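For reference, the structure is listed below as structure tokens.
What you are looking at is a predicted structure, and each value in this text was computed from that prediction instead of being measured. Labels below follow one simple rule: chain letters A, B, ... track the order of the sequence lines, proteins then strands, and each chain is numbered from 1.
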Amino acid sequence: MLHKDKIQRKISPFIHSQLPLYLDLHYDKVADGSISVFGRFMQLYYEWLETSYDATIDDFKFQSIQQVSDMAISGLHSENGNVYDRLVRLESFRDVDNTIYKLLQYIKSEYNPDLPSNTYADDRKLIKRIKEIYRARGTDSVFSIFFRILYQKIPTVIYPHDYVFTASDGDWKRQKSIRVTTSGSITTNDHASFKGYYIVGLTSGAKAVVEDVYVRSIGTEIVTDLYLDIETGITGTFNATEVVVVQTNEGFVVNKTGTTTQLQATIKPSPQGVTMTDTGTGYYLNDVVTLTNVPETIMVIKKMAEGRIEQIYLNTVGSASVGDSVVFVNDYLEVYAVEGSFSQDDTLTGSVSGATAKLRFIDGNRYWIDTISGTFKTDDTEKGEYLAEEITSGANNLRVDRLITICDVSASAVFANDGNNYIDVHSGGVGYRGIPKVYFALSNGNVDTVAGIYPYSSDAGGIEEVEVITHGLIGTNPTVAFRDHSGIGIHANLTASGTVKSGAVVDHGGSFRSKQGNISDVDAQVQDLDYYQWWSYKVRVSEDPNNWRGQLNRFAHPVGMKVFTDFTIDSPHQTSQTLTSAVCSTTIPFTT
Amino acid sequence: MGTLLTRNYKYRTAKQFMELFSSNSHRVYAVIGNDSASQTASDPTESLSSDFSFWDELKGIKRITSSDVSMVVPYGTGTSLVKLEDGVGFSEYDHALDLFGIPTKFLGYTVEDDRSTGRVRIWKCLFNNSGGNVAEDEIPEPADDTNVGIVTNTGSGEDGYHWKYMYSFRQNSIFFSEDINFKWMPVKSLSLKPSDSELLKQWNVQMAAVDGSVDSITHSSTFSGFTNGSAVTLTGGNNDFAGTIATLGAKQYVNITNGGTGYRSVSAIDVVGATSSEESALSAKISPISGHGFDAERELGAKDLMVTSQITDSDLDADTDIPRYATVALILDPIVSGSSQDDITTSGTSISSGSRTSGTSYLQAGLLKYSGQILYVDQRATITRNASNTDTIRLVIQF
């Protein structure tokens with residue numbers, strides 16, 4: 001029998017029938033003559049015993065509004081009653097769903113002693129779930145529940161071990177895909193069905209498992225990237241334009257759902273790099289590679305040929321005298337975020353490092369420098385984007401991606417005359433990966449801009465390898481061109497040439513999913529056995545830790561871990577009203 | 001006459017204020033002060049004397065740099081920028097909507113399982129399959145740095161949504177606030193090519209954005225009744241849009257093979273074989289200027305700025321220097337102790353400025369009292385510091 005039914009059982013309606021008959025026959029009766037006065041007295045006494053009192057606001061004075069906010073009036077139990085009512089309800093007081101609030105606190109203190117009485121949670125529901133919550137102690141979910149119950153706030157839990165350097169713990173993931181388009185009656189919409197199956201080249205017989213499928217647009221074409229499962233491997237070599245069909249592991253045909261048409265697609269050729277016809281000379285890393293009819297593709301020069309400086313062509317002597325040394329500038333900065341206008345012979349100063357250098361030549365975003373003192377903080381040295389210091393010269397400033405040195409040992413040369421003026425190259429240097437800048441120095445150390453001298457090498461700065469940074473598509477008659485940097489007279493640097501290579505498989509390279517194995521990563525931290533260790537965590541929440549640290553330790557903190565706290569002091573601040581009125585007051589005179 | 005402070009004004013004002021933090025000529029510091037043991041929260045007042053009393057109570061400051069500041073947008077409130085979950089419906093991108101006006105639900109986000117290092121990704125709904133809901137298995141994911149296009153869930157049995165990937169950030173970003181009454185997420189448009197593989201995805205989205213393209217065609221009711229495979233053309237722009245009617249289950253959509261360029265308005269949508277009545281139910285949605293995904297900040301309607309400062313024991317010692325505080329503030333360009341206030345000497349021809357602070361943190365003794373400009377004051381109940389605790393100040397300035 002339900003508690004509710006038990007509570008509704010009454011004795012008072014049966015009093016009259018249980019009394020001896022003589023009470024009605026021989027004693028005074030009530031006014032309507034239905035029952036004796038004594039009998040009526042007994043009825044009223046039992047009705048009083050059965051009386052329960054409707055719940056009042058006062059009964060809930062120790063509960064928070066949040067705890068009872070979703071409670072229906074019709075669902076309220078009476079919190080008080082007389083003797084019989086209480087006796088009938090006695091059994092229900094053991095039931096967390098039916099007990100009165102005065103007793104609920106005792107049940108709560110037995111099952112859930114670690115939380116204060118006044119929380120945002122419905123106590124009855126919380127007690128029923130407390131076992132599951134305790135079993136999940138130490139998890140993100142319990143931290144979240146803890147702060148929702150107490151403060152209606154969601155914490156952020158940070159695990160310092162995510163940043164602790166661990167040798168050989170990088171999770172390297174390499175991705176390769178085949179780019180396809182429609183074939184026969186199989187449309188782009190059907191390509192999602194390729195996932196999990198083998199694709200097999202009809203011409204080549206090459207095969208691989210499709211791991212994932214993404215549809216994208218390149219230029220004017222809609223294509224589908226079929227990402228291949230590297231672990232299963234790619235057997236054979238797919239042809240750049242062949243049709244691939246879908247098969248199961250056992251070689252059975254996979255058809256389009258509800259049809260007898262085998263799933264298939266046509267490979268779209270992708271740029272794979274450049275076959276060099278002539279490597280040229282005088283190029284630099286990341287130099288311009290111009291592609292035509294190769295949409296949404298970016299290539300950069302990745303590897304340079306090394307060589308030595310063989311000659312220096314003298315065009316104009318300027319102020320130089322016989323015996324003057326030629327100054328070689330072998331370092332350049334790859335700059336970005338240039339503000340203002342820099343000039344030759346400016347002194348560059350790092351705003352943080354204090355490093356200095358003389359700016360000798362500006363060649364696009366290559367700023368050639370010498371007389372370097374100290375070490376500039378660049379994106380390269382700081383291991384991150386936009387982390388470079390500001391480098392200034394007067395009111396001008398810039399930032400540097402990286403500093404590049406183009407040789408291992410510098411060349412040397414002097415101005416000579418054997419009847420004719422010429423540059424005598426004493427040493428061609430070692431390992432030149434580009435053509436350096438050279439100049440004669442004036443007495444004040446500045447570049448003699450009148451003099452014209454041009455170094456030459458038949459091999460330094462040749463293009464050995466071009467890397468595809470962004471893979472697009474091969475269009476009709478694709479071409480590649482390199483910077484035309486014709487020099488002076490017979491010693492001109494040679495312009496490179498080549499053809500675009502095409503293929504079926506796009507190699508997206510690899511990346512670490514986890515950087516914990518990279519000691520040079522900006523996030524990598526060495527264990528300090530305190531904050532940075534495997535057994536610590538930090539809870540970030542906008543509530544004073546002094547209020548909750550003890551309760552967290554009892555309720556949610558797992559043994560053996562160390563907890564750190566991060567108190568976020570959050571405050572939104574509106575400025576719009578002030579701004580609006582200020583503008584109105586200034587615009588009105590002009591508009592009326 | 002009606003006047004309007006445009007969203008560009010608010011956006012630009014916020015960006016301008018943001019530049020204070022990366023400037024070499026200005027420095028902004030977070031302030032903690034007032035070490036009264038039992039201070040209660042109160043509303044600050046502003047006067048010259050309050051500036052003096054503020055300085056008398058100042059205990060320490062910590063510099064806020066550009067990495068401590070980010071444009072942010074509210075999320076998860078009302079119908080704006082909600083989580084992509086099974087059964088949730090999103091409205092479609094519409095160029096006629098005001099991002100700063102009625103919140104719309106064409107923006108959504110996904111969250112990776114790993115709460116510590118996982119990423120939150122932001123998506124723009126271009127097509128919702130005529131009022132359909134998101135299916136659990138169809139929540140989009142960007143593949144790699146080449147995933148710059150539009151994710152179309154148009155395979156057999158899929159939910160029919162078309163999503164445009166915008167950008168992502170780490171879940172444990174200090175700018176990502178999940179408190180019920182303080183829900184903000186960071187947004188940043190890239191201006192330089194990054195090396196980080198996740199940021200590179202956003203860069204590629206920005207790079208692939210097409211100005212004046214039409215990337216979605218919506219229907220005023222249930223998209224159906226057209227002949228499958230019929231060509232769709234638009235009048236306007238450079239007239240280079242191309243698409244065909246496609247069918248997914250009982251509904252249809254336009255499979256766009258070329259979004260075209262130069263579209264600022266579309267005067268007519270033509271579907272081969274359709275009546276003018278059927279065509280009038282279709283609507284071409286024009287991409288934002290520079291294209292979808294080119295400028296995440298403006299496409300999300302960012303106009304608010306979150307300024308943060310994390311103060312630890314190593315910055316300002318909790319045991320001896322500042323055991324408690326009740327005032328949080330921002331101050332601009334304070335002067336170091338030993339220097340002097342800005343002044344014009346009797347023989348001077350310009351203002352002689354005192355030496356500004358440039359270090360990371362200072363106690364009051366290291367500063368010239370009453371120097372600098374107070375930008376913001378928050379008087380809170382007393383906060384007791386703890387050596388193992390980080391105090392993170394997060395202030396959202398809503399422009």
B:Arg380 side chain to B:Val328 backbone, donor-acceptor under 3.5 Å: no

Between A:Tyr163 and A:Tyr531, does the ring centre distance come in under 6.0 Å? no

Would you please say whether a donor-acceptor pair under 3.5 Å links the side chains of B:Thr390 and A:Asp566? no

Residue pair B:Ser213 / B:Asp215, side-chain donor-acceptor N/O under 3.5 Å: yes

Less than 4.5 Å to any heavy atom of chain B: does that hold for the side chain of A:Lys256, its backbone, both, or neither? neither

Where does A:Asp570 contact chain B at under 4.5 Å (heavy atoms): side chain, backbone, both or neither? both

Contacting region of B:Ile311 [heavy-atom separation from chain A under 4.5 Å]: neither

Where does B:Met306 contact chain A at under 4.5 Å (heavy atoms): side chain, backbone, both or neither? neither

Inspect the contact between B:Arg385 and B:Asp313 and indicate whether a charged nitrogen and a carboxylate oxygen are less than 4.0 angstrom apart. no

Using non-hydrogen atoms and a 4.5 Å limit, figure out which bit of B:Asp391 sits close to chain A: side chain, backbone, both or neither. both

Among B:Thr312, B:Thr308, B:Ile174, who wins on heavy-atom pairs under 4.5 Å with chain A? B:Ile174

Let me know if B:Ser173 has heavy atoms under 4.5 Å from chain A in its side chain, its backbone, both or neither. backbone

Parallel, tilted or perpendicular: rings of B:Phe399 and B:Phe17 (30°, 60°): tilted

Is A:Thr568 close to chain B through its backbone or its side chain, or both, or neither, when contacts mean heavy atoms under 4.5 Å? both

